[in-house]
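To start, the structure itself, in structure tokens.
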There are 4 protein chains.
Amino acid sequence: MQCPLEMKPRWERRKDARPQELLAAALDLFVERGFASTRLEDVAKRAGVSKGTLYLYFTNKEELFKAVVRDTIVPALGAAEDMIASFEGSSADLLRAVMQAWWANAGATKSSGMIKLVMAEAGNFPDIAVFYREEVILRGTSMISGLLERAVERGEFRPLDVFLTTQTLIAPVLMLMLWKHSVGPCEMSELDPVAFIDSFLTMTLSGLLPRAP
Amino acid sequence: MQCPLEMKPRWERRKDARPQELLAAALDLFVERGFASTRLEDVAKRAGVSKGTLYLYFTNKEELFKAVVRDTIVPALGAAEDMIASFEGSSADLLRAVMQAWWANAGATKSSGMIKLVMAEAGNFPDIAVFYREEVILRGTSMISGLLERAVERGEFRPLDVFLTTQTLIAPVLMLMLWKHSVGPCEMSELDPVAFIDSFLTMTLSGLLPRAP
Amino acid sequence: MQCPLEMKPRWERRKDARPQELLAAALDLFVERGFASTRLEDVAKRAGVSKGTLYLYFTNKEELFKAVVRDTIVPALGAAEDMIASFEGSSADLLRAVMQAWWANAGATKSSGMIKLVMAEAGNFPDIAVFYREEVILRGTSMISGLLERAVERGEFRPLDVFLTTQTLIAPVLMLMLWKHSVGPCEMSELDPVAFIDSFLTMTLSGLLPRAP
Amino acid sequence: MQCPLEMKPRWERRKDARPQELLAAALDLFVERGFASTRLEDVAKRAGVSKGTLYLYFTNKEELFKAVVRDTIVPALGAAEDMIASFEGSSADLLRAVMQAWWANAGATKSSGMIKLVMAEAGNFPDIAVFYREEVILRGTSMISGLLERAVERGEFRPLDVFLTTQTLIAPVLMLMLWKHSVGPCEMSELDPVAFIDSFLTMTLSGLLPRAP
DNA sequence: GATGAATGAGAATTCATTCAT
DNA sequence: GATGAATGAATTCTCATTCAT
């Protein structure tokens with residue numbers, strides 16, 4: 001009773017796992033080949049089921065895509081929100097921690113490939129675009145904006161335009177994600193994400209101009 | 001003799017214009033709908049010709065796409081290179097001027113839509129990816145890197161990692177481009193590109209931390 | 001257990017039969033209309049399936065054609081080879097029997113139409129040409145050559161150039177096949193294959209010249 | 001006046017030559033690639049004119065094909081007919097001479113490729129088939145039949161079925177023609193046409209069976 | 001007459017989706 | 001629930017034919 005998962009016969013557990021296996025397979029292929037070039041037959045094959053089975057869980061290709069987006073992109077945000085809520089220390093350190101965690105939890109995983117895809121296909125999926133804006137962009141920017149507001153209030157950062165600064169802070173992570181999944185594969189050897197984020201923050205925090213003595 | 005262009009029969013002049021008309025139509029549709037969802041018949045129709053005509057000028061859809069990339073993305077780089085070469089004034093001002101010009105000449109035009117597309121489709125077109133890396137990324141980064149090196153030599157900027165800083169400076173423009181052509185259309189009202197670039201550079205140049213008194 | 005074939009669900013048995021049904025339909029149409037003029041949709045329709053189904057069994061039109069060639073032409077040779085191996089009697093009688101059987105088993109069937117087609121299309125299908133030469137021509141000529149050699153050894157035939165004689169013996173059957181499937185249909189009434197082969201062999205065996213007394 | 005051809009300005013003679021140049025080009029390509037695979041643009045290009053020009057001389061592809069057939073196949077017959085009419089000597093020698101000349105004048109040239117093509121495409125061009133039967137087959141067989149009848153009358157050949165024997169005599173030449181233009185190109189090295197015809201006639205005239213006493 | 005740009009019907013091929021078993 | 005054979009709409013690409021210049 002305490003552990004109901006273990007009590008199911010194996011094939012039933014398998015049945016419960018089907019959607020996840022299909023989502024995982026779909027994620028792989030969508031990221032690898034893009035939406036249009038991904039054949040549902042290949043998704044099914046990779047998940048070890050038949051084409052027909054896929055339709056037992058997802059009405060059509062579009063819904064599968066949406067499910068992958070929902071399943072992949074949202075979870076990464078939770079971790080970052082928790083971190084901000086519980087962090088103690090300087091805002092500069094928090095910003096560093098948040099951005100590095102962000103990369104580690106989202107950027108370095110396959111979900112960053114989905115972000116590329118969402119941007120590419122947004123035009124073809126109006127409701128994905130809405131979902132993405134509300135669930136990902138708004139939540140992500142609120143998180144950063146809140147951090148900035150608090151830092152300014154506390155005098156840790158100078159007065160600044162919160163909205164524009166938020167966008168600025170998002171840019172490098174977004175760029176890393178796109179890099180990783182497009183031309184990056186060849187170039188990436190040279191661009192170390194951790195160092196890049198670190199460099200970006202150093203620059204952003206202290207500025208490029210030499211300090212007045 | 002003085003005006004040989006005028007002496008051509010009308011349909012021959014037409015022929016000279018066809019490739020450009022087709023490229024323009026293709027650019028529109030590729031940006032609007034993506035590679036796979038763009039039907040060649042629609043491209044032809046928008047250019048005011050028939051399906052078959054398109055094939056007189058471009059071997060197939062892939063070649064049309066490549067031609068659009070070449071025709072669209074490369075030209076924008078020239079202007080920026082010229083500006084850097086001839087600019088007189090502080091490096092900070094030059095950086096501002098270059099980035100604003102970059103947005104005006106490339107970002108604000110349809111070519112920024114192609115950049116999104118190239119990133120999305122790079123995996124499906126290995127030679128487009130190679131072309132893009134060599135003709136766009138390398139040229140673009142060299143341009144910025146050169147500017148930074150000169151600024152550091154002259155003592156206008158503090159010592160910095162040229163490669164990482166270059167990537168950092170590219171990020172916001174790239175982000176603007178992607179924004180404009182994906183979820184942006186709804187959000188864009190709030191994100192003014194000129195103000196964004198300006199804010200980014202202010203932050204980057206002076207830092208977020210309050211100045212030491 | 002005793003009758004596993006019967007235990008398959010109906011549509012699976014169907015599946016097993018499909019390739020043959022399609023090959024039969026394709027044979028009909030290829031012979032009737034030639035390679036280029038045969039539309040795959042018509043082949044599918046004649047086999048009672050849809051266009052797409054055809055592609056479940058044959059990669060493309062070319063492969064379908066090759067499959068028809070392999071499926072049609074080769075089987076006819078076996079019968080003739082067996083006959084030669086087991087025949088007892090004079091070589092002249094064997095030659096008569098082989099050639100008449102050849103016509104009956106191959107010439108009079110649709111496969112002779114494919115031979116016409118192979119000759120017409122050989123240039124467009126290099127590997128069909130190779131296959132045809134090796135599997136049909138070489139096997140067929142070896143068969144006849146062997147017969148001739150044996151006949152000469154036994155003193156039943158006078159010494160002769162085996163290679164040239166073999167080609168000569170093939171010629172009339174080949175001609176009948178072509179006749180049947182090109183201009184023949186109108187002319188054929190007048191040219192009775194059995195009588196023609198008989199006449200040919202009489203002439204070939206005894207010569208046109210009057211016998212020396 | 002006696003030589004009006006020579007008096008025309010060069011471009012006019014050229015104009016007169018156009019149809020012939022086009023027919024020659026079409027012959028080449030039809031023989032090489034078959035009817036359906038021959039593109040009219042290629043025919044025009046090979047003749048050194050534009051696609052449109054071709055339509056000044058031939059209504060469509062089908063008419064061009066027919067024109068090639070008429071222009072190519074018929075002329076070869078005249079020579080053979082003349083030879084028979086004027087030949088003096090034994091019928092056996094005449095037969096040898098006719099068949100060798102036939103090969104030399106028709107078989108060894110491109111027109112033999114057209115014969116292959118006519119047989120392959122006869123089904124698609126009913127009037128070509130009629131034309132071919134009347135102008136080629138009937139004339140050709142009459143020629144041989146006449147020769148045979150005369151030889152029998154004179155006691156040079158034994159009594160025989162003229163019709164069947166005629167077909168028999170045609171077979172090897174026909175086979176040589178087909179050989180040359182299909183699988184032959186690889187095999188041909190081994191099959192010398194002159195020797196083949198010679199061997200065929202020797203066999204046909206004297207028979208395969210050993211002569212009595 | 002000659003040209004070659006333009007046309008558009010037609011055929012091959014792909015793949016999301018359905019459904020009998 | 002699971003399967004995979006079957007479907008047919010959709011799309012790319014070809015090429016005979018037309019026609020303005």
Side-chain angles (χ1 to χ4, degrees), chain A residues 11-12 14-15 18 36-45 48-64, chain B residues 8-18 36-44 47-64, chain C residues 8-18 36-45 47-62 64, chain D residues 11-12 14-15 18 36-45 48-64:
Chain A
W11 64 263
E12 201 169 336
R14 178 150 185 101
K15 193 179 69 183
R18 277 284 144 77
S37 302
T38 293
R39 283 178 306 149
L40 291 193
E41 182 153 25
D42 291 343
V43 173
K45 199 178 297 167
V49 299
S50 76
K51 224 181 342 173
T53 303
L54 203 156
Y55 281 86
L56 295 176
Y57 297 98
F58 305 96
T59 339
N60 55 32
K61 195 179 186 180
E62 193 169 325
E63 290 304 322
L64 174 63
Chain B
K8 289 184 179 178
R10 201 170 314 145
W11 59 263
E12 198 167 337
R13 261 181 290 136
R14 208 74 209 283
K15 188 205 164 185
D16 290 349
R18 275 288 135 76
S37 303
T38 294
R39 283 179 313 152
L40 291 192
E41 186 154 19
D42 290 342
V43 172
V49 299
S50 76
K51 221 179 352 168
T53 302
L54 203 157
Y55 284 88
L56 295 176
Y57 299 96
F58 304 96
T59 330
N60 53 34
K61 194 178 185 180
E62 191 169 329
E63 289 304 322
L64 175 63
Chain C
K8 289 184 180 178
R10 200 171 314 146
W11 59 263
E12 198 167 338
R13 260 181 290 136
R14 208 73 212 281
K15 188 204 164 184
D16 290 349
R18 275 288 136 75
S37 303
T38 294
R39 283 178 312 150
L40 291 192
E41 184 154 20
D42 291 342
V43 172
K45 201 177 296 168
V49 299
S50 78
K51 224 177 348 166
T53 301
L54 203 156
Y55 283 89
L56 294 177
Y57 300 96
F58 304 96
T59 332
N60 54 33
K61 195 178 184 180
E62 191 168 329
L64 175 63
Chain D
W11 65 262
E12 200 169 337
R14 178 152 184 99
K15 193 179 70 183
R18 277 285 144 76
S37 302
T38 293
R39 283 179 305 149
L40 292 192
E41 182 154 23
D42 291 342
V43 172
K45 199 179 295 168
V49 300
S50 75
K51 225 184 336 175
T53 302
L54 201 155
Y55 281 86
L56 296 176
Y57 296 99
F58 305 96
T59 340
N60 54 34
K61 195 180 186 179
E62 192 169 328
E63 290 304 323
L64 174 63

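Labels below follow one simple rule: chain letters A, B, ... track the order of the sequence lines, proteins then strands, and each chain is numbered from 1.
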Which heavy atom of B:Asn60 sits nearest a heavy atom of B:Tyr55, and at what distance? CA-CE2, 4.2 Å
Where do B:Ala36 and A:Ala36 come nearest, in terms of heavy atoms and distance? CB-CB, 3.3 Å
Between [N] ([atom2]) and [X] ([atom1]): distance, integer Å:
| X | N | atom1 | atom2 | answer |
| --- | --- | --- | --- | --- |
| D:Leu56 | E:dG4 | CG | P | 13 Å |
| C:Tyr57 | F:dA5 | OH | C1' | 6 Å |
| B:Phe58 | F:dT12 | CZ | P | 15 Å |
| C:Asp42 | E:dG10 | CG | P | 13 Å |
| B:Leu64 | F:dT12 | CG | P | 11 Å |

Looking at residues at least two apart in the chain, or sitting in another chain, which of them share a side-chain contact (heavy atoms from CB on, under 4.5 Å) with A:Ser37? A:Arg33, B:Asn124
Does A:Phe58 have any side-chain contact (heavy atoms from CB on, under 4.5 Å) partners at least two apart in sequence or in another chain, and if so, which? A:Leu22, A:Leu23, A:Leu54, A:Leu64, A:Ala67
Look up atom CD in C:Glu41 and atom OG in C:Ser50, then write down how far apart they are to the nearest 0.5 Å. 9.0 Å
How long is the span from the NZ atom in B:Lys51 to the OG1 atom in B:Thr53, to the nearest 0.5 Å? 11.0 Å
Salt bridge (Lys or Arg N to Asp or Glu O under 4.0 Å) contacts touching residues 52-62 of chain A (sequence neighbours left out): A:Glu62-A:Lys66
Can you list the residues that meet the side chain to side chain donor-acceptor pair (under 3.5 Å) rule with A:Thr59, with sequence neighbours excluded? none
Report, as a single string ordered 5' to 3', how protein heavy atoms within less than 4.0 Å touch nucleotides 11-18 of chain E: B base, S sugar-phosphate only, - not at all. SSBBSSBB
Paired and unpaired positions of DNA chain E as dot-bracket, Watson-Crick or G-U wobble under 3.5 Å, | denoting a partner strand: .||||||||||||||||||||
